[in-house]
Amino acid sequence: LFIGNSLIDMYAKCGYLAGAHAVFQGLSVRDVVSWTSLIVGYSDCGQFKEAVDCYDQMPCVGYSPNTVTLMCTLKACGNIEAPDKGLQVHREIVLKGFENDNHIANTLMDMYFKCGLIASAEVVFDKLPVQDLISLNILLAGHLEKCSGKEVLACFQHMQHNGFAADLASSVCAVKACTKSGDISTGKEVHAYILKSGFDQDLPVANSLIDMYGKFGLLVEAEDVFDSLPIRS
RNA sequence: UAGUUACUACAU
């Protein structure tokens, strides 16, 4: 069974969904991991609807989704902006007493943000068992959609004051917030922070900086970042 | 053996 499950995972990670599905079908014995691996496979390949369909089928054949399954399903719900299904998963999480799992709670919050249900996301945030760096990054990314760049930047600064060191993901959000609000001076401050933290060679971070400088018309700065990259996409 | 957040242009 472990071998079969690993094969599903391997094929799915290679984008060979037909193979993953064939292995799944061919298994004489399956477990929750088999199902979850398939769900993750669909999800990672952008087939979110199929991922959710898998989740729906599980109970019909006697399998009960665990925390990992539910989290992966929530992720799919967020990506297709299916709040109804997301809410259904949320209810199952509550029913099973999984709400205090931090990974689950973080993913739940992210799902609500992605579905545009900001108020629900904030309720989840306030009830988080632990507010970790990932929770804060999800909050930053979520606010980026609906709020002004200024509010996102306030968030970014607030987390640093509370002893969280912004990581790559937080930095990207902060840069995007500056781009959105046209805030050149804060953008340069964030850039300084990125250099100080040694994040400047990271592709997503650098790309967000190039985009920001490009949109500000600061083509020289944009080119400097571009030229400093050892690898480009 | 499976699991959570972030990146560009163009287009929408």
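To find a chain, count down the sequence lines: A is the first, B the second, and so on, and within it residues start at 1. The figures that follow rest on heavy atoms only: side chains count, while hydrogens, waters and symmetry mates do not.
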Original post:
With a non-hydrogen cut-off below 4.0 angstrom, is A:T36 in contact with a base, only sugar-phosphate, or nothing?
Top reply: base
Original post:
Donor-acceptor pair, A:E223 side chain versus A:V220 backbone, under 3.5 Å?
Top reply: no
Original post:
When the aromatic ring centroids of A:H21 and A:Y11 are compared, is their separation below 6.0 Å?
Top reply: no
**OP:** Kindly assign one of parallel, tilted or perpendicular to the pair A:Y213 and A:H191, based on the angle between their ring planes and the thresholds 30° and 60°.
**Re:** tilted
Original post:
Judged by atom type as modelled, is there a donor-acceptor pair below 3.5 Å linking the side chain of A:N5 to the main-chain atoms of A:V33?
Top reply: no
Original post:
Whole Å only: how far is the CG atom of A:N5 from the C1' atom of B:U1?
Top reply: 6 Å
Subject >> Distance (rounded to the nearest 0.5 Å) between A:I231 CD1 and A:L203 CG >> reply: 7.5 Å
Original post:
Just how far, in rounded Å, is C1' of B:U1 from CZ of A:F24?
Top reply: 14 Å
Original post:
Where along nucleotides 5-12 of chain B does protein come under 4.0 Å, by heavy atom, of base (B) or sugar-phosphate alone (S), with - for untouched nucleotides?
Top reply: BBBSS---
Original post:
Can you give the dot-bracket line for RNA chain B, where a pair is Watson-Crick or G-U wobble with both atom distances under 3.5 Å, crossing pairs use [ ], and | marks a partner on another strand?
Top reply: ............
**OP:** Would you indicate what A:V33 reaches in the nucleic acid, counting non-hydrogen atoms under 4.0 angstrom: base, sugar-phosphate, or nothing?
**Re:** base
Original post:
How about A:F24 and A:W35: are their ring centres within less than 6.0 Å of each other?
Top reply: yes
**OP:** Cation-pi check, A:R30 to A:Y63: give yes when NZ or CZ is under 6.0 Å from the six-membered ring centre and within 45° of the ring axis, no otherwise.
**Re:** no
Original post:
Atom CG of A:D31 to atom P of B:A2: distance rounded to whole Å?
Top reply: 12 Å
Original post:
Can you find a side chain N or O atom of A:K13 that sits less than 4.0 Å from OP1 or OP2 on B:U1?
Top reply: no
Original post:
Are there more than 12 heavy atoms of other residues, nucleotides or ligands under 6.0 Å from atom CD of A:E145?
Top reply: no
Subject >> Euclidean distance, atom CG of residue A:L38 to atom P of B:G3 [Å, nearest integer] >> reply: 13 Å
